[in-house]
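For reference, the structure discussed in these notes is given below.
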Amino acid sequence: MDDIKIFVTHTPNSRQIRIQDPRLYHVAAGSGLQTGQLAEDMLADNTGENISRKNRIYCELTTQYWAWKNVEADYYGFCHYRRYFSFAEETMPEAAWGCLSFSYINTKTIQKLCIDEQHIRQKVSPYDFLIAKKIPVRQLFAKSVYEHYKNASELNIKDLELFLDILNEKYPKLQAAAKRYIDGAYFYPCNMFIMKKEIFQEYSDMLFAILEEFERRADMSGYSREGLRTPGHLGERFAGIYYEYLLQKGGYRMGELQMALFSHTQEHTYKRPGEKEIPVVLAADQAYVPVLFTCVKSLTECADTARDYHIYILHTDILKKDMQVFQKELARENIRIDFVDVGEKVDGYRLEAKEHITTETYFRFLILDILKDCQKAVYLDSDTIVRKDVAGLYDLPLNGYLLAAAVDPDFAGQYNGANPDTKNYCDQVLGLKDPYAYAQAGVLVFHIAALKEVTDVSRLFRMADEGNYRYSDQDILNIICEGRIKKLDMAWNMLIDSRNQRGRIIQAAPVGILEAYEQARKRPYIIHYAGDAKPWKDPKEDFAQEFWKTARQTPYYEELLSGIVNGKTAGPVLSAPERAAGLLKRIAKKLLPQGSRIRLAVGRLYWKLK
């Protein structure tokens, strides 16, 4: 059987998620520049004969050079940490830039691309030379490969012309193919190919001889970082030239493979909680970072110095620079902070939230997986301000319970007459036996071990995708955990009187719930800015001063102020139907009588829009 080796290039000092297969060999290109320890499954390109330290100018070609000089194979292939070949039989729809596009490397995408030994052998063995599928240069806003290079902002066309001059001098047999390709309308991207040994040997002989001469003649002093990568860019053009040359020469079995680009490949590692650490979980996106930081700061300020806390922030897009701010400003000896990218875990689910609620609200379900070895964990919505040590929550005994949560006084008021449509929804959709025990999910204590016995993340996500729940994951948790939710003092999750409307709704709640809410307002342990009205949108909101008292001490204070001035505050961007629904809701509340048929009909239209 042919020995097929496909080398997957990775940049030095980076940790990428890697597809594992016996035919794939992961190599740290520029290993001579590596400062940390390589992963166990990673090869280094600075052993044997190599040009590893030229990685800044040769890019992925240092891997190619190393394989050429040091590795024996029948087929040599090359791709990149974010780009892999598709070995599937069928051609799949491509993105506008000419390749397949996926968000995450996971079992589903690997299977779709047929990256396994059997499919790789079936696809490769009938060919002498496979190359990444060509892209029409018109999709790259150019008329030719030459013009595409010329249009590149940090590359110099004189370098391509010098490269072609050297090619013509050293290998005149390539001249016609080079002219045809460079003047042509199709581009072979990314230095990605699979070649039989004898072809690869000739190809590498030619390429590195030309580039060696180019280095002698070219003046790259004063080039930008991208400009210094010119030899790598020229090597990319040479792959297309050589492919064109063999096509013209004839007698070779030539073919193209679709290329798949993954958006998120950064490997995020985090440590599991220690035995005595209190796990606290939050979720947010990049737009919510200033609010998230304010919440976490309030949490750390209340933390007992004699206790240890491990804060997990679940996200898909928070930037590294912001993660560093959290670590620098908030982490200390007894407080650890880990950012966990959960994109791969939620990929493939719609997880559509309603109203002002963001998709991140569903991330709390992942606690069952991410903290599966823990007995309990505290969860907080990011739009909260903590005024009492959350260790008091964590220490609550949960024997026989799945969750600990406070009753939702707003829901109770709506159900008890303030909003008949909510009563109909609760009775007909949620089917709760005790609607007045409906829990507010902004502050929770998860009894992880017990919850795992009755449900799992897949089931919860399927319910989210298949159901039509008004209050998203909150409804789902109430359905799953009904009768097994330990009631928290409402002070642990005190809902603000959003726009001075919530208080009127809560007035309709059973007197015991109303009085518990009124008592919680006098001494809130955690203030929850639930609803679409937020203090960072309107500084006159209920309990806004508590938010701003903490926000003034954060590095994001000016950003929060700027958001108010410019009307670009943290939170979700509403779609046109969502904006229409919001307008409809405000008009109905102002003009239509409670309980009237027309108001109920408008309510149904509102939820249809949402």
Side-chain angles (χ1 to χ4, degrees), residues 3-73 75-85 132 154-155 159 163 166 189-195 197 199-221 223-239 242 265-267:
D3 183 16
I4 301 168
K5 292 179 179 172
I6 300 173
F7 301 92
V8 185
T9 295
H10 298 263
T11 53
N13 302 308
S14 67
R15 296 185 64 87
Q16 307 295 334
I17 297 169
R18 300 176 289 283
I19 296 178
Q20 302 299 334
D21 183 87
R23 302 304 96 200
L24 301 182
Y25 296 79
H26 296 277
V27 185
S31 299
L33 306 172
Q34 178 82 17
T35 56
Q37 187 174 358
L38 287 176
E40 289 184 4
D41 66 338
M42 191 79 73
L43 300 171
D45 72 347
N46 64 339
T47 60
E49 188 174 346
N50 69 86
I51 55 170
S52 180
R53 297 197 70 84
K54 289 187 177 184
N55 178 257
R56 287 197 177 98
I57 65 172
Y58 273 65
C59 309
E60 66 275 358
L61 295 182
T62 61
T63 296
Q64 184 181 319
Y65 186 97
W66 171 80
W68 171 43
K69 293 294 186 180
N70 299 284
V71 180
E72 283 294 324
Y75 282 90
Y76 294 79
F78 297 89
C79 50
H80 310 293
Y81 63 95
R82 289 206 307 139
R83 296 176 176 88
Y84 288 81
F85 286 118
E154 296 181 63
L155 301 181
D159 292 325
F163 180 83
I166 298 169
C190 299
N191 268 326
M192 287 179 59
F193 55 78
I194 304 172
M195 300 182 192
K197 179 178 181 177
I199 297 175
F200 176 67
Q201 295 293 341
E202 181 185 54
Y203 171 83
S204 299
D205 272 329
M206 292 178 174
L207 172 62
F208 290 107
I210 296 169
L211 289 178
E212 184 179 349
E213 183 62 25
F214 174 83
E215 278 194 88
R216 281 196 288 268
R217 297 192 201 178
D219 179 11
M220 293 193 293
S221 60
Y223 274 21
S224 67
R225 178 179 296 173
E226 188 61 37
L228 285 175
R229 295 170 177 159
T230 290
H233 287 287
L234 295 173
E236 184 178 15
R237 273 67 185 179
F238 187 72
Y242 190 72
T265 59
Q266 186 64 37
E267 186 175 79

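Positions are given from 1 along the sequence.
For Ser224 (side chain) and Gly227 (main-chain N/O), a donor-acceptor pair under 3.5 Å exists by modelled atom type. Using a distance-only test at 3.5 Å, with no hydrogens or angles considered, no donor-acceptor pair links the side chain of His26 to the main chain of Arg18. Checking side-chain atoms of Thr62 against main-chain N and O of Ala29 turns up no donor-acceptor pair under 3.5 Å.
Here the straight-line distance linking atom CZ of Arg82 with atom CD1 of Ile17 works out to 12.5 Å at 0.5 Å rounding. Atom CE of residue Met195 and atom CD of residue Glu202 lie 10.0 Å apart, to the nearest 0.5 angstrom. The distance from the CD1 atom of Ile51 to the CG atom of Asn46 is 12.5 Å, given to the nearest 0.5 Å. Going from atom NZ of Lys54 over to atom CG of Leu228 covers 13.0 Å, rounded to the nearest 0.5 Å. Residue Glu49 holds its CD atom at 4.5 Å from NZ of Lys69, rounded to the nearest 0.5 Å. With rounding to the nearest 0.5 Å, the separation of NE2 in His10 from CD in Gln34 is 11.5 Å.
Contact check for His233 versus Asp159: no side-chain heavy atoms found under the 4.5 Å cut-off. Contact check for Arg56 versus Leu33: side-chain heavy atoms found under the 4.5 Å cut-off. Between Leu211 and Phe163, the closest side-chain pair of non-hydrogen atoms falls below 4.5 Å. Contact annotation: the side chain of Gln64 approaches that of Leu61 to within less than 4.5 Å [non-hydrogen atoms, C-beta and beyond]. Residues Met220 and Pro231 meet the side-chain proximity criterion, which asks for heavy atoms closer than 4.5 Å. Side chains of Phe78 and Glu60 form no contact here, defined as non-hydrogen atoms less than 4.5 Å apart. No side-chain heavy atom of Leu207 sits less than 4.5 Å from a side-chain heavy atom of Tyr242. Ile6 has its side chain out of reach of Tyr84: every pair of non-hydrogen atoms, C-beta onward, lies at least 4.5 Å apart.
Taking both residues in full, the closest heavy atoms of Glu236 and Cys190 are given as OE2-N, 2.6 Å, listed atom of the first, atom of the second, then distance. The nearest pair of heavy atoms linking Thr63 to Thr9 is OG1-OG1, 3.4 Å. When all heavy atoms of Asn70 and Thr47 are compared, the closest pair comes out as ND2-O, 3.7 Å. The shortest non-hydrogen separation linking Leu38 to Leu43 is CD1-O, 4.2 Å. Considering all non-hydrogen atoms of both residues, Ser52 and Ser31 come closest at OG-N, 2.9 Å. Heavy atoms only, all atoms of each residue included: Gly30 and Pro12 are closest at O-CB, 3.6 Å.
Here the two rings, on Phe193 and Tyr203, have centers that are under 6.0 Å apart. Between Tyr58 and Tyr65, the gap from one ring centroid to the other reaches at least 6.0 Å. Taking the six-membered ring where the residue is Trp, the centroids of Phe200 and Tyr75 are separated by 6.0 Å or more.
For Asn50, there are no side-chain hydrogen bond (donor to acceptor under 3.5 Å, both in side chains) partners at least two apart in sequence or on another chain.
Taking 4.0 Å as the cut-off between side-chain N and carboxylate O, Lys5 and Glu72 do not count as a salt-bridged pair. A salt bridge is absent between Asp45 and Arg53: the closest approach of a Lys/Arg side-chain nitrogen to an acidic carboxylate oxygen does not fall below 4.0 angstrom.
Tyr76 and Phe7 have parallel rings, their planes meeting at less than 30° on a 0 to 90° scale where 60° marks the start of perpendicular.
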Check: When you look at Tyr25 and Val71, which way does the side-chain contact (heavy atoms from CB on, under 4.5 Å) test go after all the steps?
Finding: CA-CA 11 Å; Tyr25 296 79; Val71 180; over 6 Å; no

Checklist line | Working for side-chain contact (heavy atoms from CB on, under 4.5 Å), residues Arg23 and Asp3 | finding: CA-CA 8 Å; Arg23 302 304 96 200; Asp3 183 16; 3.7 Å; yes

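In Arg225, the CZ atom is not crowded: 12 or fewer heavy atoms of neighbouring residues, nucleotides or ligands sit closer than 6.0 Å. Applying the 6.0 Å contact sphere to CD of Gln37 captures no more than 12 heavy atoms from other residues, nucleotides or ligands.
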